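Letters A, B, ... mirror the listed sequences (proteins, then strands); counts begin at 1. Remember, predicted model here, so these are calculated numbers, not experimental data.
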Protein chains: 2
Amino acid sequence: MADGPTINTIAERAGVSIASVSRVLNGLPTRQETVRKVMAAADELGYVRNAVARSLKSRRTHQVAFAMADVGNPAYLAMLRQIQPVLKAAGYRLVLHSTDAVVADEIDVLHSLGERYVDGLIMSPLRVTEAHLQMLAAARTPVVIIGQVPDGTRVDNVRADSRTGVRLAIDHLYALGRRRIAMVNGPLDTVPGAARGAAYREALQDLGLPYDENLVQIGDFYRAEGGRAVAELLARVPDVDALMCANDLIALGALDVLRAAGRRVPQDVAVVGMDDTDLAAASWPSLTSVSLGSAERGKAAAELLLERLQGGDREPRRVTVPPELVIRASTAGEPVGPGGPGAGYGQRTDEGGKA
Amino acid sequence: MADGPTINTIAERAGVSIASVSRVLNGLPTRQETVRKVMAAADELGYVRNAVARSLKSRRTHQVAFAMADVGNPAYLAMLRQIQPVLKAAGYRLVLHSTDAVVADEIDVLHSLGERYVDGLIMSPLRVTEAHLQMLAAARTPVVIIGQVPDGTRVDNVRADSRTGVRLAIDHLYALGRRRIAMVNGPLDTVPGAARGAAYREALQDLGLPYDENLVQIGDFYRAEGGRAVAELLARVPDVDALMCANDLIALGALDVLRAAGRRVPQDVAVVGMDDTDLAAASWPSLTSVSLGSAERGKAAAELLLERLQGGDREPRRVTVPPELVIRASTAGEPVGPGGPGAGYGQRTDEGGKA
DNA sequence: TTGTAAGCGTTATCAA
DNA sequence: TTGATAACGCTTACAA
């Protein structure tokens, strides 16, 4: 297979210099006749500009990287779905990294910015270590961090507010008359686990409800573990009337177990999840869930990055996306069929699978 | 912010030529003393090789593109999840394109291969047009197509077998004693709609069941539309005892409507979905679904591409991934709680959302 | 309006 | 073992 045509090939064919070819290709003032010849030659040869050579010269790749912890995690995918179109519209290609929840991989990605294969990076790290901060300070490439960074860190930063999110949910349950509100959490040594646990305690306090250790059950952020945790909880505290679950998968596990135990949801026990993933709308009863605004965070991050890419230097900015309580059947009242409250009709047609 | 160091900076600092620097960096035979000096200089300067310059010289970018129709579609995401680690392990970066189901965008992506910003492409087109075939024939970059291409097309090709998939489901329903098996399909002018509709008809025929037009309902591949279609169907054919749904979302809509109508699933009506998305395991009752092997197709495509990237030329290959019927509660018997059949425990911990 | 030539940061050839 | 030098394909002064 022969090599592809370059501006040299075209120049030769059109009988002009490579400079003229470049001018025509870039729409710089050129004699009509020359334009014609060059365009003709380019057309005939099926010429396409070499992006690598252009990048070397221009020092811009028109690529942006998004480093997420886990390609399988719906929260990151929600970000991805928003980031992609924003970048595409601005003429940037998206390079996707999955760091598999390994800190060393995240550092690798930051280090690789030195290779200059992207103009910018959006990263959503699990937690920000000292190593992260060092790399960030040294980076010559614009970075936007989705997550918590220490105050004063000079990076654009988009954050969620899971504390307020938990409070929204607890207030909602309280307003429904629930007073024995349990927390089913993931491990406390994770950032979300710790934050959500603390927020639960605070929210109870502000409502004047006692903090009862028996009402707190630690499991893991998966469905089966969530179910097990809830089973233990029910055995210990049979009079529990609401479950605040630290994510949607735990909540799904809770629904499984409550159903098996013959407890009606929401009549006997109300259930709230977090993250508002697709699964929340799909489950039955559909699941009330605290959206932490993954989609909005993705969008905000992409926009911050573009701003910096196009606008040049400015002070680092911080955006906090407010949480939102999405009320569905698991707390709202009677579980209902199509068209009823919380069935989620018409909300997410973007999930459609035609393949 | 000063420019980053290049081999020139290092050469100067180490007091050697750029050629020596390059040799050291590439591990070519060099005097120990020179190696030491160069490494020291590189370390002090925090030097990282410029990927763009290397690509220009080597004509390899170590990037591969994946063009999917829709970042929101779980089937493509399942592919992505498999493709990503395979490429990463082989040292390739992943460039993600979303063509938004627009044919012109797919052609654009194929055209952009001429820019040589990637070494290869995996594409999952909605349907393959004449324009696609022309671009493919002209492409100087290895391409793997996930989907149907005409026989004789000279591309690596990975395909599903939805025909056999539908048959598996119908056979399953038949074996359960169902005889009034309806088909709830999406639009017939889509590739999956047409294929699944035809396969339904064939499967009935082979089982000696009559093809009854009343049992076929066309809607769209979304939950609300699926629900509406099933409502119409129930009104017209009250004695239907099984629903073959053309995808999982339609099946979820079916569950909504059946529940509202007081029909028990699966006792009164059995329900089967297609694509085996996350939603199938999350719904209640959990949904029997035909997996078309999205994950396996993604993996196979990535492997085919790597083979060609690393191994050089060979004849185009075709891989067909067999479908698989994943039996859950919506056909299997009593809907059950945790631990019971079809509850999906321990199957998909990769979905866990900690964020 | 056009061509010559330098340069983007590498790698690789060829003499020394 | 090393350095000077020519690519890779493009953009852009600078001269003509």
Any donor-acceptor pair under 3.5 Å linking the side-chain atoms of B:Q63 with those of A:Q63?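 Indeed, the side chains of A:Q63 and B:Q63 share at least one donor-acceptor pair under 3.5 Å.
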May I have the distance from [X] (atom [atom1]) to [N] (atom [atom2]), rounded to whole angstrom?
X      : N      : atom1 : atom2 : result
B:L56  : D:dC10 : CG    : P     : 9 Å
A:N8   : C:dA5  : CG    : C1'   : 13 Å
A:N50  : C:dC8  : CG    : C1'   : 13 Å
A:I10  : D:dT11 : CD1   : C1'   : 15 Å
A:R116 : C:dT10 : CZ    : P     : 11 Å

Heavy-atom side-chain contact between A:L113 and A:V143 under 4.5 Å: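 Yes, side chains in contact.
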Within the pair [X] and [N], is there a side-chain N or O less than 4.0 Å away from OP1 or OP2?
X     : N     : answer
B:T6  : C:dG9 : no
B:R59 : D:dG9 : yes
A:S17 : C:dT4 : no

Which letters describe nucleotides 11-16 of chain C, given B = protein heavy atom under 4.0 Å from base, S = only from sugar-phosphate, - = neither? BBB---
Would you confirm whether [X], through its side chain, and [Y], through its main-chain N or O, come within 3.5 Å as a donor-acceptor pair?
X      : Y      : value
A:N50  : A:V52  : yes
B:S58  : B:R54  : yes
A:N157 : A:I145 : yes

Once you apply a heavy-atom cut-off of 4.0 Å, does B:T34 come out as touching a base, just sugar-phosphate, or nothing?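 It contacts sugar-phosphate atoms only.
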So what does A:V16 touch, heavy atoms closer than 4.0 Å: a base, only the sugar-phosphate, or nothing? sugar-phosphate
Please state whether the rings of A:H97 and A:Y117 are parallel, tilted or perpendicular, taking 30° and 60° as the class boundaries. perpendicular
Output the single nucleotide from C:dT1, C:dT10, D:dG9 whose closest atom is nearest the side chain of A:R31.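 Taking heavy atoms from C-beta onward, the closest nucleotide is C:dT1.
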Take B:E303 and B:R308 through the salt bridge (charged side-chain N to carboxylate O under 4.0 Å, His left out) test and state the conclusion after the steps. CA-CA 9 Å; B:E303 287 169 348; B:R308 186 170 289 267; over 6 Å; no
Of B:T30 and B:A53, whose nearest nucleotide on DNA chain D comes first from the 5' end? B:T30
